[in-house]
Every structure is written in C-alpha cells, then in structure tokens.
Undergrad: 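Have a look at this one.
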Amino acid sequence: MQGLKRSHYCGELTAVDNGRVVTLMGWVNTRRDHGGLIFVDLRDRTGLIQVVFSPEINSASFTKAGGVRSEYVLAVTGRVSIRPEGTDNPNLATGEIEVLVDELRVLSQAKTPPFYIEDGVEVDENLRLRYRYLDLRRPEMQHALHLRHRAAKAVRDFLDEHGFWEIDTPMLTRSTPEGARDFLVPSRLNAGRFYALPQSPQLFKQLLMVSGVDRYFQIVRCFRDEDLRADRQPEFTQIDMELSFVDVEDVLELMEKMVSRLCREMVGLEVETPLPRFTYQEAMDRFGSDKPDTRFGMELVDITDIARGCGFKVFTSAAEEGGQVRGINAAGCGGYSRKDIDDLTKFAAIYRARGLAYFIVTAEGAKSPITKFFNDQEIAAILERFNAREGDLLLFVADQPDVVAASLGALRVHLAEQLDIIPRDKFNFLWVTDFPLLEYDEEEKRWVAMHHPFTSPLEEDLPLLQTDPGKVRARAYDIVLNGIEIGGGSIRIHRRDVQELMFNAIGLTKEEAHEKFFYMLEAFEYGTPPHGGIAFGFDRLIMLLAGKKTIRDVIPFPKTQSATDLMTMAPGNVDERQLRELHIKSTLKKLPDQNNNKNK
RNA sequence: GGAGCUGUGGUGUAGCGGUCUAACAUGUCGGCCUGUCACGCCGAAGAUCGCGGGUUCGAUUCCCGUCAGCUCCGCCA
C-alpha cells in the first residue's frame with residue numbers, strides 16, 4: 001500500500017470529522033471529470049464518499065486522477081471538509097462532506113467490468129455468476145453477506161446462552177438409504193468403496209445425545225444430489241440442533257425465542273409469540289399446503305357434500321370415488337375473461353388438476369357453463385359457503401385430495417401474487433405439527449418415512465402402526481415463514497420396541513435394519529435419552545430476512561439450475577490417472593469436452 | 001424425465017418476413033469543461049442478431065433441433 005495505512009472506512013465519516021486528515025482505500029465507484037476539477041466516489045464495504053481532486057490542493061494528484069477509471073483501487077490522503085453551501089448530496093449518507101485529496105496512489109488498475117457495480121441492475125444471471133466476485137461488490141450483495149454473518153453470530157450467541165455446544169460432524173461419511181440422493185466420494189484407500197457427503201448430520205447428532213452432550217448445534221453444510229429450485233441448492237447450510245430430555249413443546253418454545261431474537265436483531269421486527277400452530281391436516285384443509293402462507297386469506301372451501309347430489313358428473317364422480325370438490329373465492333375477479341380463466345386452468349393443470357370449474361358471481365346469481373347442473377338451493381348454498389359477493393370468481397377443483405390440495409394451494413398463491421394482495425412487510429411465522437409419520441411410495445410399493453425412520457409417532461397413534469400406517473401421526477414439526485418451509489424436526493424414537501415397529505412398517509426386516517443402521521441400533525442399546533431436534537434452512541432464512549426471491553442471492557458462490565459453477569466451471573474433467581487411483585472408470589463412451597464452454 | 005419463459009454492440013432494451021447498410025439508452029475511447037454527484041457538451045469506435053438446419057426470391061423476424069440461464073412439475077425436507 002505504498003507506505004500508507006488506512007485510517008477510516010469511507011462510510012464511517014460524518015460532518016463531525018470535519019478538518020480531520022484521513023487516509024481512505026477503496027474502489028472508484030464513479031468519476032466525474034470537470035476538466036479543472038475531478039470528483040471520485042470512492043467505495044468500500046461501508047459505503048461511498050466523494051473525494052475531490054483539484055490543482056489548488058495538489059496538482060500532481062490532480063493530474064494523476066485524470067487517468068483513473070472505474071473500479072481502480074485507490075489510496076487517498078486528504079482533509080475531510082464540509083461541502084460548500086448548496087452542494088451537499090442528500091442521496092448519499094456521507095453527502096454533507098467530501099475529502100479534499102492531497103495524496104493519491106493508484107493501488108491497482110482495473111478493466112472495465114462487464115456490468116455495472118450498483119444495486120437494482122437487471123443483468124443476465126449468467127454474467128453475474130461468471131463474474132461473481134464483481135457481483136459481490138454490489139452493495140445489496142455485500143448487505144446479504146453481512147446479514148448472513150450477523151445472523152450466524154446471533155444464532156451462535158443464542159444457542160451458547162442456552163447451553164448448546166457447537167460440535168462438528170464428518171463430511172466424509174456413509175451412504176444411508178432413505179431420503180435424498182447422495183453425493184458420493186470414491187475412496188482411494190478402499191478400492192470400490194464410497195463415502196457419501198452428509199444430507200444432514202442427522203445420525204451423528206443423535207449419537208451425540210447418546211454420548212451425553214445434552215445440547216448440540218452446528219451451522220453446517222449439507223449436500224443433496226437432487227434437482228435445483230429457487231430455494232434449493234445441491235449444497236446448502238443448516239442450523240442443526242438436537243436436545244436431550246425434551247418434548248415437542250420444549251423445542252418449539254426455544255425456537256420461537258431464537259426466531260424472534262433473530263428478527264429483532266436482524267431486521268428490527270417484533271415477532272409475536274407463541275407462533276400460530278396448525279396441524280398438518282388443518283394446513284392442508286384450509287390452505288392446500290403443508291407450508292401455508294397466511295399473509296392473505298382466500299382459504300379453501302369444501303363443497304363435496306353439496307357436489308355429491310348435484311347433476312354435474314365431474315363433481316359427483318369425484319365425490320363418489322373418495323375425492324373431494326373444493327374451491328377458492330378469487331374475490332373481485334368476476335370480470336376475468338375466458339382467456340384469463342383458461343390461463344388459470346392451465347396453471348392448475350401443472351398440479352395434475354384435470355379441470356377448473358368456475359362460477360362468476362353476478363347480481364343475478366352465479367354464471368357458468370355448469371350452473372345448469374345445479375338447482376337453486378345448491379347454488380345458493382355454494383355462494384353462501386364462499387361468502388361470495390357480486391364480482392367474485394369461484395374456482396373449483398374436483399379430484400383426489402392430494403390433487404385438490406396441490407392445485408388449489410398453488411392457485412391460491414398464484415392468484416394472490418397476480419392480484420398483488422400479499423403484504424410485503426409481513427413476516428408470518430407458524431408451526432405445522434402432527435405430520436403423517438409415513439407416506440405411501442407408489443414407485444416402491446411400500447410405506448416410507450415422511451421425515452426419517454427415527455421420527456417418533458404420537459403415543460396415541462402407536463396401535464395404528466400395524467393396522468393403518470397412513471393414519472399414524474408423527475411428533476414432527478415444521479416452521480414456516482411466508483409460505484416457505486424454513487425448518488423442521490421431530491422428537492426421535494428412543495424405545496427399542498417402537499423402533500422395531502417403525503422398521504417393520506416401512507418394510508425393513510430386522511436383518512436389513514441392522515445392516516443399514518447397525519451403529520445406530522447398537523448405540524441405542526447403551527442408554528439413550530429421550531431426545532429431539534430441529535434443523536433450519538439457513539440460506540432460506542437469510543433469503544427471507546434479506547427480502548430476496550432466491551437463495552442464490554444470499555449464497556456467495558451458488559450453482560446454476562443445472563448444478564454447475566459458472567465461475568470455476570465445476571464440475572470439470574479429471575485426469576485419467578486420478579480416476580485410476582480411485583479405481584473408477586467412466587461408462588461414457590466419450591468424455592465431455594473439458595472446454596465445453598457454456599459462456600459463448 | 002417433462003412444461004413454460006428468455007437469448008440482438010461491453011451492459012440493458014427496441015425491431016418480429018423486405019431502405020435492417022440493425023435503432024435507442026448507457027458504458028468505452030478522444031476532445032472541451034472548477035461544484036458535479038445518473039455531471040454536461042462535441043466526436044468516434046463497437047453486433048457474423050446464442051449455435052445448427054429448414055421454409056422462402058429474401059430470415060434477427062416463421063418452423064425444427066440444439067446449447068445456456070431462469071421459473072415450475074416430477075424429484076427433494
């Protein structure tokens with residue numbers, strides 16, 4: 001730094017520093033050359049400040065400043081000065097002052113960046129990812145990084161205060177059945193064998209409970225080799241924890257405290273506790289989702305009973321075949337055109353809905369191609385149930401319960417977004433409890449654990465485990481924020497007999513269970529405390545606190561939807577020799593071209 | 001595995017069968033400018049319209065394929 005030492009950050013200086021000689025270091029945000037006077041906005045992670053080059057202050061520096069360009073890295077020494085009357089800039093935090101530069105040193109020159117280093121720019125995400133280090137210079141990205149850091153620290157402080165120990169668990173571990181697809185790592189020292197990267201530290205944290213750690217946490221990277229979404233990356237970060245001698249209530253209460261403290265400290269928001277709670281069934285019935293967004297209404301309404309007796313075959317047959325007829329009231333959408341409704345129908349079809357019936361509510365009653373299948377009392381009953389008023393649009397789906405819930409649940413959110421009725425400043429946290437313990441896997445033709453095979457069933461549902469597995473509820477809970485699942489966990493099974501019932505229910509024989517989970521089962525024989533835990537999706541939490549639409553915007557170096565890194569071009573090819581050492585051979589006839597350059 | 005949207009100078013967009021020899025803004029480069037802060041003014045350079053094929057007298061524009069990015073379904077807690 002050519003003998004200079006930074007005295008302040010750019011954004012730190014205020015009018016109070018007037019007259020002080022300071023040394024600043026940072027990037028050239030913008031340059032305004034007036035011929036006889038040059039202004040530069042200097043940027044570091046704290047913000048911007050205007051620095052002034054004038055031949056009257058230092059002519060050598062002034063001349064040198066003429067050659068300075070965007071994103072050059074400068075060191076400047078000069079005097080802080082209140083700006084001349086009428087030239088202050090209220091749009092800048094440091095707009096009352098400027099630094100009159102005596103000495104200028106160019107620490108680094110810079111090529112013109114491929115996009116503007118400023119907030120709110122809509123650049124092709126391709127470019128942002130390829131030049132991620134430049135993207136991260138933008139103030140909003142810096143804010144996200146800072147928020148992420150502060151949130152991690154707040155979580156550590158909170159959990160430390162509540163007796164948790166931060167303990168790390170292996171990244172090279174053993175592949176386990178159930179759950180997501182594993183990322184595998186070949187073992188050089190053990191030919192033909194593979195490690196798996198952890199989907200979560202689930203089993204290790206339970207073993208730590210057996211070890212008597214009592215309260216564990218970790219802010220930990222997890223890996224799942226599944227397809228990506230706006231809120232799903234192949235590697236992501238969890239706030240993972242586990243507690244001994246607790247029940248559902250204890251976990252929920254503690255986590256409510258953590259969440260409200262995070263909101264207070266991160267975004268100055270007071271969260272009302274206790275948080276609302278919904279059973280899984282209630283959430284599905286009212287919102288068609290196990291992660292309801294309660295920032296707006298438009299709840300689902302069941303009319304299966306009315307539909308059963310009507311003359312409309314689609315409705316009656318759904319009702320007869322164990323399905324449902326339900327709908328939502330798109331209030332004020334009575335003016336929707338044929339095309340608008342077609343678009344909604346197409347949208348519902350994504351979720352396997354075979355059709356979308358509708359009533360347009362007018363002063364003369366319901367209008368629709370299907371009203372002829374209903375008598376006056378039936379129509380009146382439906383309108384009343386939806387609390388329908390003139391100008392409303394009622395939308396119905398008749399199908400199996402899962403299709404009805406999925407399509408109407410998605411339609412509800414879709415319409416709310418389209419109508420812009422979601423209050424953006426609300427943070428609606430809630431719990432969803434009493435999830436089904438098991439769900440039927442059509443592909444494998446067996447019951448599988450919805451959460452994982454160590455999740456404890458509700459005591460009162462135990463007898464159902466052998467007679468009606470689908471009805472068994474779990475001591476599992478999810479925490480949801482504005483319609484996005486941000487965490488989930490459960491009380492675990494610590495009784496040997498219950499664990500055997502569970503394995504039995506998911507079709508694992510004693511021998512298979514032993515083969516797959518021998519170390520867990522063995523450990524559980526040595527005195528297991530009742531325990532339970534939860535894990536938060538840290539990236540999602542930060543995304544919501546930062547007001548972003550995708551976790552890519554709060555992950556420093558994220559991957560694209562096809563799981564590649566456009567900056568490093570990972571995954572890349574490896575040498576034949578590396579493969580040989582790992583005892584691996586590709587089944588591809590031709591290996592992909594190493595320079596398969598995706599960036600034109 | 002599937003559906004949809006997008007791809008035009010460095011960047012963001014317009015053009016959607018024919019003076020398109022591709023327009024605008026911004027950036028870049030050169031010149032002028034002592035109070036700007038999206039500085040201003042004058043000038044210049046910069047694009048085989050993602051790639052391949054087809055239809056057509058003629059394709060940036062229409063069709064098919066393909067690649068990349070995004071959103072979603074499936075998948076995934």
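Below, read A as the first sequence line, B as the second, and so on, with proteins coming before strands; counting in each chain starts at 1.
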Undergrad: Over 60° means perpendicular and under 30° means parallel, so tell me whether A:W431 and A:Y477 are parallel, tilted or perpendicular.
TA: perpendicular

Undergrad: Fit a plane to each ring of A:H34 and A:F39, take the angle between them on a 0 to 90° scale, and name the class: parallel (under 30°), tilted (30 to 60°) or perpendicular (over 60°).
TA: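 If you compare the ring of A:H34 with that of A:F39, the planes turn out perpendicular.
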
Undergrad: One character per nucleotide, please: for nucleotides 30-40 of chain B, 5' to 3', B when the base has a protein heavy atom closer than 4.0 Å, S when only the sugar-phosphate does, - otherwise.
TA: S--BBBBB-B-

Undergrad: Among all residues two or more places apart in sequence or in another chain, which pass the salt bridge (charged side-chain N to carboxylate O under 4.0 Å, His left out) test with A:E444?
TA: A:R446

Undergrad: Atom pairs under 3.5 Å, N or O on each side, protein against nucleotides 75-77 of chain B: can you list them with distances?
TA:
{"residue": "B:C75", "atom": "O2'", "partner": "A:E226", "partner atom": "OE1", "Å": "2.6"}
{"residue": "B:C75", "atom": "O2", "partner": "A:R232", "partner atom": "NH2", "Å": "3.1"}
{"residue": "B:C75", "atom": "N3", "partner": "A:R232", "partner atom": "NH1", "Å": "3.2"}
{"residue": "B:C75", "atom": "N3", "partner": "A:R232", "partner atom": "NH2", "Å": "2.8"}
{"residue": "B:C75", "atom": "N4", "partner": "A:R229", "partner atom": "NH2", "Å": "3.4"}
{"residue": "B:C75", "atom": "N4", "partner": "A:R232", "partner atom": "NH1", "Å": "3.1"}
{"residue": "B:C76", "atom": "O3'", "partner": "A:A180", "partner atom": "N", "Å": "3.4"}
{"residue": "B:C76", "atom": "O2", "partner": "A:R232", "partner atom": "NE", "Å": "3.4"}
{"residue": "B:C76", "atom": "O2", "partner": "A:R232", "partner atom": "NH1", "Å": "2.8"}
{"residue": "B:C76", "atom": "N3", "partner": "A:R232", "partner atom": "NH1", "Å": "3.3"}
{"residue": "B:A77", "atom": "OP1", "partner": "A:A180", "partner atom": "N", "Å": "2.7"}
{"residue": "B:A77", "atom": "O3'", "partner": "A:R224", "partner atom": "NH1", "Å": "3.3"}

Undergrad: Please evaluate residues A:M567 and A:Y133 with respect to the criterion side-chain contact (heavy atoms from CB on, under 4.5 Å), reporting the C-alpha separation (whole Å), side-chain torsions for both, the decisive distance (0.1 Å), and the verdict.
TA: CA-CA 9 Å; A:M567 192 181 66; A:Y133 41 87; 3.7 Å; yes

Undergrad: Would A:S337 and A:D340 count as having a side-chain donor-acceptor pair, cut-off 3.5 Å?
TA: yes

Undergrad: Using a cut-off of strictly less than 4.0 Å, decide whether A:S562 has a side-chain nitrogen or oxygen near OP1 or OP2 of B:G69.
TA: yes

Undergrad: How would you list, by chain and number, every residue that makes a salt bridge (charged side-chain N to carboxylate O under 4.0 Å, His left out) with A:D290, sequence neighbours excluded?
TA: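 Result, salt bridge (charged side-chain N to carboxylate O under 4.0 Å, His left out) vs A:D290: none returned.
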
Undergrad: Applying side chain to side chain donor-acceptor pair (under 3.5 Å), can you list everything that pairs with A:T169, at least two apart in sequence or on another chain?
TA: A:Q218

Undergrad: Return whichever of A:Y351 or A:Q561 has its heavy-atom-nearest nucleotide of RNA chain B closer to the 5' end.
TA: A:Q561

Undergrad: Have a look at A:L127 and say if it touches a base, only the backbone sugar-phosphate, or nothing, with a 4.0 Å heavy-atom cut-off.
TA: sugar-phosphate

Undergrad: With sequence neighbours left out, what residues match A:E140 under side chain to side chain donor-acceptor pair (under 3.5 Å)?
TA: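 For A:E140 the side chain to side chain donor-acceptor pair (under 3.5 Å) partners, ignoring immediate neighbours, are A:R138, A:K548.
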
